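What follows is a set of notes on a single structure, which appears directly below.
These numbers come from a predicted model, not from an experiment.
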Amino acid sequence: MIKNYKIMPAGPYPLGLRRQGSTFLYSGVFRRATGCGIKLIKLLFKKDKWEVEKEEIISFDDSCRFGDIYSAQISGIDDDFNAYQVVADGKCFPDSSARRIYGLEKFGNFIPDSAIYSAIDDTASYDWKRDERPQIPFSQSFFYLVHVRGYTMQDKSVEAAKRGTFKGLISKIPYLKSLGVTTIELMPIAEQVSVLPKRFRRVGHAPGIVKSSVMFSDNGVLKAESASNSNKLNYWGFEKAYYYAPRSCYACKDSDPIVEFKEMVASFHKAGIEVIAQFFFTEDMYLQEVIDILRFWRIEYHLDGFHLKGKNLNSTVIAQEPLLADVKILDYGFDYGRIYNGCQIEPRKRNLCECRDDFLYTARHFLKGDDHILSDFLRISKEVGQDHANLHYISNYEGFCLADMVTYEHKHNEANGEGNADGPDDNETWNCGVEGKSRKKSIVSLRNKQIRNALALVFLSQGVPALYGGDEFGNSQDGNNNPYCQDNSIGWISWNQAAKNVDLTNYVKFLTEIRKKYSMIRSETPFRQIDYKACGYPDFSYHGSEAWRPDLSSYSHTIGMLYCGNYVQNDMDSASIYVAYNMHWEKKLFALPVLPKGCNWKLLMDTAGESFDKICYEVPAELKSQQEYLLQDRSICVFVSDGMPMPERKGRHGTEKSFF
């Protein structure tokens, strides 16, 4: 029993409980609750679990109330308390505003609220030293999405104790740099329970409550439901969270998750890589609460951006928050007129990015060779917002990963325990002739080519390219297009595939190098498609079996795109690029647009090649003809101009120009 402690009103912000000298300062929101207070706790870690050594309840009266906030300064208390819980309506539970949570350090265990504790905020400030945010323009960005736990759980190159953790991601920085990644996006990293009550079932990332049989995870192994095993694994993390605390089960054993997360961010920044985090906000949250959370992570954890998830989010108001003006904000869309009020935004200073599935479905249709899709593909592949960017991806954490996209036409989610009723039904994928894995050489060859084509569609588009981690070496989820509860080999990345598919990873590196070297294929502003420099060529043009005459009919599956190098300000990358797409199931002859005298076309890439040196050319290959090229069925070729145009010279009929 605490004797002679004093309690006085205090300022209502910041929220949470912190120690200040010999006193405690607490502030918390209590809406429509009675019997409000906090329980001070002394926790000890014994036999791999937290045990309460002593506790004391501090009750609040209306003298400490400001609206729905109780704020108090408490003095005269022993200083050996290290945790607390909120008390309201006769129940004790963790504080949603706590900076750290105790009790959720182990992934896959069901923990009731009564056994989850909030840490008293008395941690020393972290020394960020000279941390600098990379602030990479969207036109130079390559996003790479990972699940912190699943990305390294099966990676033998990572020290065993660090697998599935923030430190595990630090170990992968050299690999990510070699891949060309500029921005790593993390699936939800805010603290939350890893096992949900049986009543919850997730379809995609929209929460729902249904009556259905479920399965649960025991150390990553799915087991059938029984009377005592009735909980549901929350692997992805799209649930309500303790939004001010990093997820403790993503930290190494006996490690402070706050410090480990900051070390991870600082390490990525030192390597020139941005860190963006997904935040899933539930419908019952207030807009001001959401903004406060984003402000906190921007200041406290130096995050470079946020991908907003959830319903009824007012992203337009969020985007107007002054503190977030220099971080990337991703959402489905924004009200640009209201945000910018008619002001012109420099391409390099854009911080808003639309993240929709439009490109995914359009590119998949085009990849399959569907009719009535070419015009949509042309429109979306060259979209460049004047005041925003567009994220382009062809696979994601749900709706099939890249390898499964060419292997399955139907979802195979039986392991989720929901009778294969969960997950999206409309995936627009093609199995290349056989459902599921195959050893047939022709099937394997076609699937590999389609994967290369899919990656080319992403990296040669004008949007910001994005990959789901593991897609660059053919990671499979065994046809599960909604592995939200799969904390096992289905949901984890199989790094054995990386060793088997080195050529595919090198191909991705080649694509990132092409994109980096030739800036015309990542324009910061929309193409005008006219010759506004009077150089003889428009900045961007379409072609086909005849130069300047593309087949844009509803049944066309072919298109050529010419990027004129004369519109590049930097002379170092002023070569012209011609990309020819043949998504038809037959070979097609493409005309090569005529170049100025002194220049010729060379082959840079052909996805139809059966070996890496026949797909990617470090030294562009000579062509037999400068007039035409025969593209194999379902293939994409990239040509680059070589040589210098001949200078102007005068003849009998006046000046002859070499246009370029």
Side-chain angles (χ1 to χ4, degrees), residues 2 5 7 9-20 23-43 50 52 54-61 64-74 77 79-105 111-123 188-194 239-249 251 256-258 261 279-282 284-286 288-297 300-301:
I2 301 175
Y5 73 86
I7 183 169
Y13 291 101
L15 301 177
L17 178 63
R18 63 194 187 281
R19 200 188 310 265
Q20 191 175 79
T23 65
F24 290 98
L25 294 174
Y26 174 76
S27 186
V29 178
F30 294 79
R31 293 191 176 95
R32 298 176 294 277
T34 60
C36 302
I38 59 173
K39 179 194 288 186
L40 294 174
I41 301 168
K42 181 179 180 181
L43 283 178
W50 292 102
V52 176
K54 69 175 182 178
E55 58 186 39
E56 188 69 36
I57 292 179
I58 306 292
S59 299
F60 301 140
D61 58 33
C64 298
R65 183 171 181 172
F66 301 83
D68 284 337
I69 297 178
Y70 280 96
S71 299
Q73 175 179 302
I74 309 164
I77 297 178
D79 61 2
D80 60 349
F81 290 107
N82 59 354
Y84 71 104
Q85 289 180 319
V86 174
V87 179
D89 298 327
K91 298 178 181 179
C92 297
F93 47 89
D95 185 0
S96 61
S97 301
R99 277 32 174 182
R100 182 177 176 182
I101 298 293
Y102 296 133
L104 299 176
E105 294 82 3
I111 307 294
D113 285 350
S114 59
I116 304 173
Y117 311 94
S118 305
I120 295 174
D121 186 11
D122 57 0
T123 55
I189 42 78
E191 185 68 277
Q192 57 186 281
V193 297
S194 57
E239 292 292 344
K240 194 173 183 66
Y242 302 101
Y243 290 103
Y244 291 89
R247 204 162 182 180
S248 54
C249 63
D256 184 339
I258 295 175
F261 187 87
F279 277 83
F280 176 81
F281 296 109
T282 54
D284 60 341
M285 297 184 67
Y286 290 80
Q288 187 59 53
E289 184 180 7
V290 170
I291 293 176
D292 286 345
I293 291 166
L294 299 180
R295 284 173 177 164
F296 174 79
W297 284 85
E300 187 69 18
Y301 289 100

Across all chains, not counting sequence neighbours, the side chain to side chain contact (heavy atoms under 4.5 Å, CB included) partners of Ala119 are Arg100, Tyr102

Could you work out, with side chain to side chain donor-acceptor pair (under 3.5 Å) as the rule, every residue matching Tyr84, not counting sequence neighbours? Asp95

side-chain contact (heavy atoms from CB on, under 4.5 Å) evaluation trace for Leu15 with Phe296: CA-CA 11 Å; Leu15 301 177; Phe296 174 79; over 6 Å; no

Applying side chain to side chain donor-acceptor pair (under 3.5 Å) to Ser248 and not counting sequence neighbours gives Glu191

At their closest point, which heavy atom of Gly16 faces which heavy atom of Ser97, and how far apart are they? N-CB, 4.2 Å

Quick one: CD on Glu56 to CD1 on Ile41, what's the gap to the nearest 0.5 Å? 11.0 Å

Who passes salt bridge (charged side-chain N to carboxylate O under 4.0 Å, His left out) against Asp68, sequence neighbours left out? Arg65

Any side-chain heavy atom of Pro188 sitting closer than 4.5 Å to one from Arg247? no

With sequence neighbours excluded, what pairs up with Lys54 under the side chain to side chain donor-acceptor pair (under 3.5 Å) test? Asp78, Asp80

Residues Met285, Lys240; criterion side-chain contact (heavy atoms from CB on, under 4.5 Å); working and verdict: CA-CA 10 Å; Met285 297 184 67; Lys240 194 173 183 66; 3.6 Å; yes

From Ile111 atom CD1 to Ser194 atom OG, the distance as rounded to the nearest 0.5 Å: 7.5 Å

Sorted by chain and residue number, the salt bridge (charged side-chain N to carboxylate O under 4.0 Å, His left out) partners of Arg295 (sequence neighbours excluded) come out as Asp292, Glu321

So which of Val87, Ile57, Ile74 actually passes side-chain contact (heavy atoms from CB on, under 4.5 Å) with Ile38? Ile74

Taken to the nearest 0.5 Å, the spacing of Leu43 CG from Ser118 OG works out to 10.0 Å

Here the gap from Tyr301 atom OH to Phe261 atom CZ, rounded to the nearest 0.5 Å, amounts to 7.5 Å

Residue pairs meeting side chain to side chain donor-acceptor pair (under 3.5 Å), one or both in residues 24-39, sequence neighbours left out, come to Ser27-Ser71, Thr34-Asp89

For Tyr243, enumerate each residue passing the ring pair (Phe, Tyr, Trp, His ring centres under 6.0 Å) test, keeping only those at least two apart in sequence or located in another chain. Phe281

How would you list, by chain and number, every residue that makes a side chain to side chain donor-acceptor pair (under 3.5 Å) with Gln192, sequence neighbours excluded? Asn234

Test item: Glu55 and Cys92 side chains (from C-beta on) under 4.5 Å apart, heavy atoms: no

Euclidean distance, Ile58 CD1 relative to Leu40 CG, rounded to 0.5 Å: 5.0 Å

Tell me the closest heavy-atom pair linking Cys36 and Phe30, and the distance in Å. SG-CD2, 3.4 Å

Could I get the full list of side chain to side chain contact (heavy atoms under 4.5 Å, CB included) partners for Asp61, not counting sequence neighbours? Ser63, Cys64

Who pairs with Glu300 by salt bridge (charged side-chain N to carboxylate O under 4.0 Å, His left out), at least two apart in sequence or on another chain? Lys262

Should Phe279 and Val290 be marked as a side-chain contact (heavy atoms from CB on, under 4.5 Å) after you check the CA-CA gap, both sets of side-chain angles, and the distance that decides it? CA-CA 9 Å; Phe279 277 83; Val290 170; over 6 Å; no

Under the salt bridge (charged side-chain N to carboxylate O under 4.0 Å, His left out) criterion, do Lys91 and Asp113 qualify, and how do the steps go? CA-CA 9 Å; Lys91 298 178 181 179; Asp113 285 350; over 6 Å; no

Can you name the nearest heavy-atom pair linking Leu17 to Phe24, along with the distance? CD1-CB, 3.8 Å

Of all heavy-atom pairs linking Ser96 and Tyr242, the shortest is CA-CD2, 3.9 Å

Check: Ile293 and Tyr244 side chains under 4.5 Å, non-hydrogen atoms: yes

Ring-face cation contact, Phe81 with Arg19, 6.0 Å cut, 45° max: no

Please enumerate all residues that pass salt bridge (charged side-chain N to carboxylate O under 4.0 Å, His left out) together with Asp121, with sequence neighbours excluded. none

Taking every non-hydrogen atom, the tightest pair across Pro9 and Phe66: CB-CZ, 4.4 Å

What are the two closest non-hydrogen atoms of Pro14 and Arg99, and how far apart are they? CB-NH2, 4.2 Å

